[in-house]
Amino acid sequence: MHQMTLAEIARGLADKKFSSEELTKVLLARITQLDPQLNSFISLTEDLAIEQAKAADARRANGDSGALLGAPIAHKDLFCTQGIRTSCGSKMLDNFKAPYDATVVAKLAAAGAVTLGKTNMDEFAMGSANESSWYGAVKNPWNLEHVPGGSSGGSAAAVAARLLPAATATDTGGSIRQPAAFTNLTGLKPTYGRVSRWGMIAYASSLDQGGPLARTAEDCAILLQGMAGFDPNDSTSIDEPVPDYSASLGDSLQGLRIGVPKEYFSAGLDPRIAELIQNSIQQLQKLGAVIKEISLPNMQHAIPAYYVIAPAEASSNLSRFDGVRFGHRCENPENLIDLYKRSRGEGFGAEVQRRIMVGAYALSAGYYDAYYLKAQKIRRLVKNDFMAAFNEVDIILGPTTPNPAWKLGAKNSDPVAAYLEDVYTITANLAGLPGLSMPAGFVDGLPVGVQLLAPYFQEGRLLNVAHQYQLNTDWHTRTPTGF
Ligand code: GLN
């Protein structure tokens, strides 16, 4: 039962082959049995899950239907869930029970999805390895000595290990696509503004975007359908109609123009990954796509710009966690300054503190023009590169990451080494574009992802290309041994 995709579950439930309650119980038992190896959950919500599953079964018995009705999922632990701990992977929020549901949580619950729990993540979504969580590192089911990627590592490891079919995640600089690549999943970061950020604890507000992590493009279409849409509570949400993402999955790729940036194949890319990317290009050519070399000349500036803008926004967003308004409060403070210092010093981990310091510095009076403003100018150049490229091509294709998943601890002593691994993903966030990562093969038994980028609001095109690719390849069907 645990091998089923969301699409298969939807068919099984519609055909009355099993009930949502039966399936939910099977998956909850599987999580209890196997998750100790992975640490992919921070909280399990068994009682809520059973209650939601029974309600979904009752709705179906009354003639209700829908692809998400009775479908088991989990939420990254930065989506607020009413009455349930919403920790953001931090000691700071270890005892925070959100007073309301995030829009994404509410929408999926209304569609009948069943919440099995809240998944582990890098603290405040800062990281690429899921090692900065206060609840401990998450392990990669493909090799327990390796990281699953981050910051949505819990959602990725759980779905890859078949503990559940799909989960929500967020992507500020790659945190949906990179863990998808590291664990052999399909993950989609939507256009900025497509999915509501209301109730999604902010890391870098101008970059953050929620999206689906699943095994197939078909399942990402189902989950995205339930997440996307205008939300008056989010001032950056965009009032555009949501297309039927499943309807365009079958479109032909004949004549599709795929751009491959020459900058992608530079020295930093593992040559074994380069070869797998070439294979996926050939596969798409067989399906009718036309390949064109393009250039993204400002790509080399994207990492430094991102690692100024994201910490700057984070330093501002995280100022509310002061032990008074929100978050952990220290014992017996001597005075107000002592309260702030010790509450924040105890509540935040090392990586979060580093970024708050970098961000506060970049925004300070004397340095604003030199760092923050300059980074914003680079951001515009990165966007302009994409706009020029999309005049010539329909999709941009390349690797999701320069290397496969590294060993736990391998990059802990050098944060910049980890930042460099984001080179292919962060440009989409800087420009606000949608991006998808899908399985493209293996290197030393570890999964490799190919990334597709599209113009604004062309999520349907990304899902269509990925689905056609998956109809003709079987990388996405491989299961990690032991799971
Ligand atoms: N690795 C990037 C960072 O640490 C991206 C994280 C994310 O997308 N949440 O900022």
Side-chain angles (χ1 to χ4, degrees), residues 75-79 88-90 119-133 137-138 147-156 167-182 187-190 192 195 197 200-213 302-318 348-359 362 375 379 400-403 405-406 410-412 414-437 449 451 453:
H75 293 295
K76 185 176 181 178
D77 205 18
L78 54 52
F79 286 100
C88 231
S90 183
T119 56
N120 204 343
M121 55 179 285
D122 274 306
E123 186 177 10
F124 283 99
M126 298 174 189
S128 315
N130 215 132
E131 292 183 287
S132 75
S133 169
V138 177
V147 303
S151 61
S152 314
S155 289
T168 60
T170 63
D171 191 312
T172 303
S175 285
I176 293 177
R177 292 160 288 157
Q178 186 252 20
F182 279 11
L188 188 147
K189 176 203 109 62
Y192 184 77
V195 169
R197 292 185 300 107
M200 203 177 100
I201 297 175
Y203 160 18
S205 313
S206 76
L207 302 159
D208 297 342
Q209 190 60 201
L213 258 174
I303 288 182
Y306 172 90
Y307 278 100
V308 169
I309 293 169
E313 293 187 18
S315 76
S316 168
N317 276 325
L318 271 55
F348 290 134
E351 184 61 22
V352 174
Q353 293 190 22
R354 177 180 299 120
R355 300 209 189 182
I356 290 174
M357 285 191 282
V358 168
R379 183 175 193 172
T400 308
T401 62
N403 294 295
W406 53 88
K411 295 191 194 284
N412 281 358
D414 182 1
V416 175
Y419 299 168
L420 293 174
E421 298 291 323
D422 297 336
V423 60
Y424 297 116
T425 48
I426 54 176
T427 49
N429 302 77
L430 288 171
L433 292 167
L436 175 147
S437 179
Q451 176 178 245
L453 303 174

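Because the structure is a prediction, the values reported are computed rather than measured. The analysis underlying the following values was restricted to heavy atoms, covering all of them including side chains, and did not include hydrogens, waters or symmetry mates. Counting starts at 1 for both ligands and their atoms, following the listed order.
You'll find the side chain of Y424 stays beyond 4.5 Å of the side chain of S437, heavy atoms only. F348 has its side chain within reach of F124: a pair of non-hydrogen atoms, C-beta onward, lies under 4.5 Å apart.
When the side-chain contact (heavy atoms from CB on, under 4.5 Å) test is applied to A302, the partners found at least two apart in sequence or on another chain are V382, I426, T427, L430. Here A431 pairs with K383, F386, L433, Y456 under the side-chain contact (heavy atoms from CB on, under 4.5 Å) rule; sequence neighbours left out. Annotation: side chain to side chain donor-acceptor pair (under 3.5 Å) contacts of T401 (sequence neighbours excluded): none.
Judged by distance alone, the side chains of K76 and S155 never bring a donor and an acceptor atom under 3.5 Å apart.
Listed by chain and residue number, the protein contacts of ligand 1 are A125, M126, G127, S128, S151, D171, T172, G173, G174, S175, Y203, Y306, Y307, R355, D422 (heavy atom within 4.0 angstrom).
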